[in-house]
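A short worksheet on the structure shown next.
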Amino acid sequence: MSGSSAARATATLDHDAEQLKALGYSSNFERSMSLWENFSLGFTYLSPVVGVYTLFGLCLAAGGPPMFWSYLLIGLGQLLVCLIFGEVVSQFPISGGVYPWARRLVGKRWAWMVGWVYAWALCATIAGVAVGAGPYLAAMLGFESNSNANIYIALGLILVSTALNLVGTKLLARVAMFGFLCELVGAILVGGYLLVFERHQPFSVLFDTFDLNVNGSYLPAFLAASLAGLFQYYGFEACGDVAEETPNPGKRIPKAMRMTIYIGGAAAMFACLALILAVPDMQKVLAGEDTDPVSTILSNAFGPIGSKLVMGVVMVSFISCVLSLQAAASRLLFAYARDEMIVGSSVLKRLSANHVPSAALVVSGVVPAAIVCLGLFMADAVATIVGFAAIGIYVAFQLIVIAALIARAKGWRPSGQFSLGGWGPLVNIAALVYGVGAIVNMVWPRSPDAAWYINYSMILTTVVVMGAGFLYMLLAKPYDKGTAPAGDAWKFSKPAPETAAVAGVPAQ
């Protein structure tokens, strides 16, 4: 690095420290994560390969090939949410993501509940992704997958992820970057090969509903199949979780968030397109005779050895996905603890010699591991808890969208380096409409013959988690223990010219 480049980098870090100080915090995190590394964290959290491959068979059987278009529609909806998050993180680039944003936009109680819901959702997601890796590792190594084997594989994956995360931010960034490159190259090479050499369906099949309908309408089938897209597009928030580990976060993180939607969405759509067109017998999938079309496609296309190599790329995706999710969960716990909002705050807010919240990382490994272990005793426990994963994340995200609307009503005008300007309120309302619709679609009961607790498992787990949070909040009042700034977003004026040139810091 040249002398002038080093001087600019030092000046940027100084400005970042001053911005954080103006927001009421100091930080000992290592600001070493580049724009592309920050983006890679969000990309691997979103993980197109994990999302597409895990839900492809289920959603294709539910809605047929037109399920492909759900990725585009939901990507546009999530982009609205992403733009609102970009405005917030640009003004409040604080580690922990949704929790500190909610704290500044509305107040302590709102922030505590957002953090509570999101923490449990992240832990459930880590458990779900780790368990989902089992069948792919079994296929790669050539042994029979079963529920117990999947649980042991999941525990091993969580242990490896925790160990890697404890090494430090630089390794996290490098593994995330490696995972991104593996996923992207894998998606392009595998998808490209399938499209060129293994295409069994015409492009017109993307518009063929195969007479799938409910009471004469295809819409319910399409909405059920759209769960593939709904489980796909929420990695962008992770970019903001490491705001204090990224230089010039007010500018870089909103950009990394948008890149996550653009590049991650395009990769997911390409992978899904290639798989749909490579299905050898669509009727077998729709009739439920081929319950694992991904394995069928890969085995037909690449043979036993080639398909194992593809499974190896998929396993890299699972590992980097768990790593990114755990990093996000640990930064959330750290932010909670730094504001004295959680039991054990004095331990959870400590940073190790490697500049990572080691105790928070251990907790974000132990809790998902405990969820996974429930599967050893109760067959449906993991599936029920993991059902809360996506709905919990969507609820937490919409609580931020609502918080931004509340703050705007009180006079908040985003003053970071990224702002939607006059479009902000309209985008904010559109993001809320989309988010509420997505949540309703996710919780809608679709198995009338199943037991009520299965049919309403998402609603049930959400009520239990939020109800427990409200009860604990009312009895213990954890939100009252810290003195960090809260509910002050609308009190910030537009930045003065000299500070605006630095990092979008509001004048104090």
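Under the 3.5 Å distance criterion, the side-chain polar atoms of D339 are left unmatched by any main-chain donor or acceptor of A484. A distance-only check finds a donor-acceptor pair linking the side chain of T461 to the backbone of M458 [under 3.5 Å]. Listed for the R31 side chain is no donor-acceptor partner under 3.5 Å among the backbone atoms of A17. Between the side chain of R258 and the backbone N or O of P254 there is at least one donor-acceptor pair closer than 3.5 Å. No donor-acceptor pair under 3.5 Å is formed between the side chain of Y234 and the backbone N or O of Q78. Not one N or O on the side chain of S161 forms a donor-acceptor pair closer than 3.5 Å with the backbone of I158. Remark: the backbone N or O of P485 is paired with a side-chain donor or acceptor of R103 at under 3.5 angstrom. Remark: side-chain polar atoms of E87 are paired, donor with acceptor, to backbone N or O of L420 under 3.5 angstrom. Under a 3.5 Å cut-off, the side chain of K255 and the backbone N or O of L35 do not form any donor-acceptor pair. A donor-acceptor pair under 3.5 Å is absent between the side-chain atoms of N38 and the main chain of I253, judged by distance alone.
More than 12 heavy-atom neighbours from other residues, nucleotides or ligands sit within 6.0 angstrom of CH2 on W112. Other residues, nucleotides and ligands contribute only 12 or fewer heavy atoms inside 6.0 Å of the CZ atom of F178.
Both the sub-6.0 Å distance and the 45° axial angle are satisfied by R338 relative to the ring of Y25.
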Please assess S95 against D241 for the test side chain to side chain donor-acceptor pair (under 3.5 Å), listing each intermediate value before the final yes or no.
CA-CA 5 Å; S95 284; D241 284 316; over 6 Å; no
Would you please test S32 and E245 for side chain to side chain donor-acceptor pair (under 3.5 Å) and show each step?
CA-CA 6 Å; S32 59; E245 296 160 74; over 6 Å; no
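The nearest pair of heavy atoms linking F143 to A149 is CE1-CB, 4.5 Å. Contact detail for I297 and V279: the closest heavy-atom pair is CD1-CG2, 3.8 Å. The two residues L230 and Y394 come nearest to each other via the heavy atoms O-OH, 2.7 Å. When every heavy atom of F29 is checked against every heavy atom of P357, the shortest pair comes out as CE2-CD, 3.8 Å. Between M67 and A228 the shortest heavy-atom distance is CE-CB, 4.2 Å.
Side chains of E30 and T169: no donor on one and acceptor on the other come within 3.5 Å. Residues Q417 and S90 bring no donor and acceptor atom of their side chains to less than 3.5 Å of each other. For the 3.5 Å distance criterion, the side chains of T44 and E183 fail to qualify, holding no donor opposite an acceptor. The closest side-chain donor-acceptor pair between S330 and N165, if any, does not fall under 3.5 angstrom.
Of the inter-residue distances, the one linking I126 atom CD1 with I371 atom CD1 reads 8.5 Å to the nearest 0.5 angstrom. In this structure, the separation between CD on E237 and CH2 on W101 is 5.0 Å, given to the nearest 0.5 Å. For the atom pair L41 CG and R331 CZ, the distance stands at 8.5 Å (nearest 0.5 Å).
Side-chain contact between F39 and F180 is present, with at least one heavy-atom pair separated by less than 4.5 Å.
Using bins of under 30°, 30° to 60° and over 60° for the plane-to-plane angle, the ring pair Y136/F318 lands in the tilted bin.
A salt bridge does not link R252 with E37: none of the charged nitrogens is closer than 4.0 Å to a carboxylate oxygen.
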